Protein chains: 2
Amino acid sequence: MSMDTVFELSPKKVEYIKFINGKNGPVKTNNIAAGFGVDPSTITKTIVELADEGLLVYVPYHGVSLSVKGKITAEFLIKRHRILALALTHFGFSHEQACLEVSRFESFVSKEAIDQMCRAMGHPNKGICGDITHDDGCLRI
Amino acid sequence: MSMDTVFELSPKKVEYIKFINGKNGPVKTNNIAAGFGVDPSTITKTIVELADEGLLVYVPYHGVSLSVKGKITAEFLIKRHRILALALTHFGFSHEQACLEVSRFESFVSKEAIDQMCRAMGHPNKGICGDITHDDGCLRI
DNA sequence: TTGAAATTTGGACGATATCCAAAATTCTCC
DNA sequence: GGAGAATTTTGGATATCGTCCAAATTTCAA
């Protein structure tokens with residue numbers, strides 16, 4: 001996964017990363033599975049992939065946490081969601097409508113586009129489903 | 001395919017429908033295949049699916065044309081692209097940047113969202129890659 | 001009419017996401 | 001500390017999407 005494609009996660013992976021980010025400490029497989037109404041084995045398979053991509057620290061049978069890279073990714077995913085939803089409110093969308101609509105397509109929007117929109121909106125701090133933070137979303141180790 | 005999901009076409013199908021829309025008369029398999037740099041058999045398989053969905057009139061070995069439903073769909077797809085690209089220019093995107101970015105995610109944006117954005121922009125007639133037409137995108141037969 | 005070109009068919013693959021059943025592991029309680 | 005319960009993983013299967021290749025079919029053109 002190159003620098004440019006770091007955030008090209010599938011929609012489901014995006015949701016899982018955000019879910020894990022919203023929990024404290026290691027998250028159990030059944031917890032995620034229950035959160036999305038899917039079989040635990042589905043979660044196991046996906047978290048193994050996310051761990052292989054370096055986004056999760058996975059201890060089999062004990063749960064997952066975000067790696068540093070995963071945390072930075074999660075922060076970008078949240079910012080992306082909030083910037084896009086905020087942008088839609090500029091077109092008269094209600095908060096719910098904006099959130100719902102953005103969830104349909106956010107996974108396919110590039111970091112460059114988000115940066116541009118963020119800049120154009122003057123780096124807003126208030127999103128419609130939470131605050132917006134402004135690190136640059138790039139991982140340097 | 002219900003009324004609500006008429007426009008839930010995959011990204012590739014969206015591209016193929018737009019491509020066929022841009023040609024006069026029946027379009028040959030090799031023409032589409034060359035346009036996208038894929039094997040002709042890939043096109044055959046996809047156009048059979050689009051014909052099954054009622055969007056194309058397909059005469060094996062002789063080419064495809066848009067059905068009435070396909071034409072209306074194509075017009076919506078084009079409008080969606082142009083409305084979204086125009087919206088991005090409001091955030092400082094260049095025309096090329098906007099077009100390119102929209103092509104990443106347009107397939108996942110609902111008709112309702114486009115209607116809302118179109119309304120908010122005052123039903124603009126000038127898009128950035130062509131004019132915008134304002135039928136309602138619903139097929140009634 | 002016959003060989004070349006175009007097209008379709010059938011089979012395969014990889015990626016994504018899902019399920020189920022069986023095996024493995026961990027936990028809990030006595 | 002052990003036995004049974006709960007959790008998790010593994011392995012296999014399915015489905016969709018988009019793709020390729022090789023072989024068969026059909027059409028076209030000289």
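Given the structure is predicted, the values throughout are model-derived calculations rather than measurements. Each chain gets a letter, A, B and so on, in the order the sequences are listed, and its residues count up from 1.
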Exercise. Compare side-chain N and O positions of B/Asn30 against OP1 and OP2 of C/dA5 and report whether any pair is under 4.0 Å apart.
Key: no
Quiz item: Would you say A/His62 reaches D/dT8's phosphate, i.e. side-chain N/O to OP1/OP2 under 4.0 Å?
Solution: no
Quiz item: Can you name the nearest heavy-atom pair linking A/Ile17 to A/Gly70, along with the distance?
Solution: CG2-O, 4.3 Å
Quiz item: Where do A/Ala51 and A/Tyr58 come nearest, in terms of heavy atoms and distance?
Solution: CB-CB, 3.9 Å
Quiz item: Hey, any chance A/Ile78 and A/Ile83 share a hydrophobic cluster, counting ILVMFWY side chains that come within less than 4.5 Å of each other, even indirectly?
Solution: no
Salt-bridge test for [X] and [Y]: reply yes if a basic N is under 4.0 Å from a carboxylate O, no otherwise.
X        : Y        : result
B/Lys69  : B/Glu53  : no
B/Lys18  : B/Glu15  : no
B/Glu8   : A/Arg104 : yes
A/Asp115 : A/Arg119 : no

Going by atom type alone, with no hydrogens or angles, which donor-acceptor pairs under 3.5 Å involve a side-chain atom of residues 22-35 of chain A and a protein atom two or more places apart or on another chain?
none

What is the separation between atom [atom1] on [X] and atom [atom2] on [N], rounded to the nearest whole Å?
X       : N      : atom1 : atom2 : answer
A/Leu50 : C/dT16 : CG    : C1'   : 12 Å
A/Asn31 : D/dA6  : CG    : C1'   : 15 Å
A/Phe36 : C/dT16 : CZ    : P     : 17 Å
B/Ile47 : C/dT9  : CD1   : C1'   : 13 Å
A/Leu9  : C/dA15 : CG    : P     : 16 Å

Self-check item: Sole residue of A/Val14, A/Ile114, A/Val102 in side-chain contact (heavy atoms from CB on, under 4.5 Å) with A/His81
Solution: A/Val102
Exercise. Would you mind telling me which residue lines up with the more 5' stretch of DNA chain C, A/Lys28 or B/Tyr61, judged by nearest nucleotide?
Key: B/Tyr61
Quiz item: Does any residue of residues 17-27 of chain A have a heavy atom under 4.0 Å from DNA chain D, and if so, which ones, in number order?
Solution: none
Quiz prompt | Base-contact (B) and sugar-phosphate-only (S) positions in nucleotides 11-23 of chain D, heavy-atom cut-off under 4.0 Å, - elsewhere | solution = BB-----SBBB--
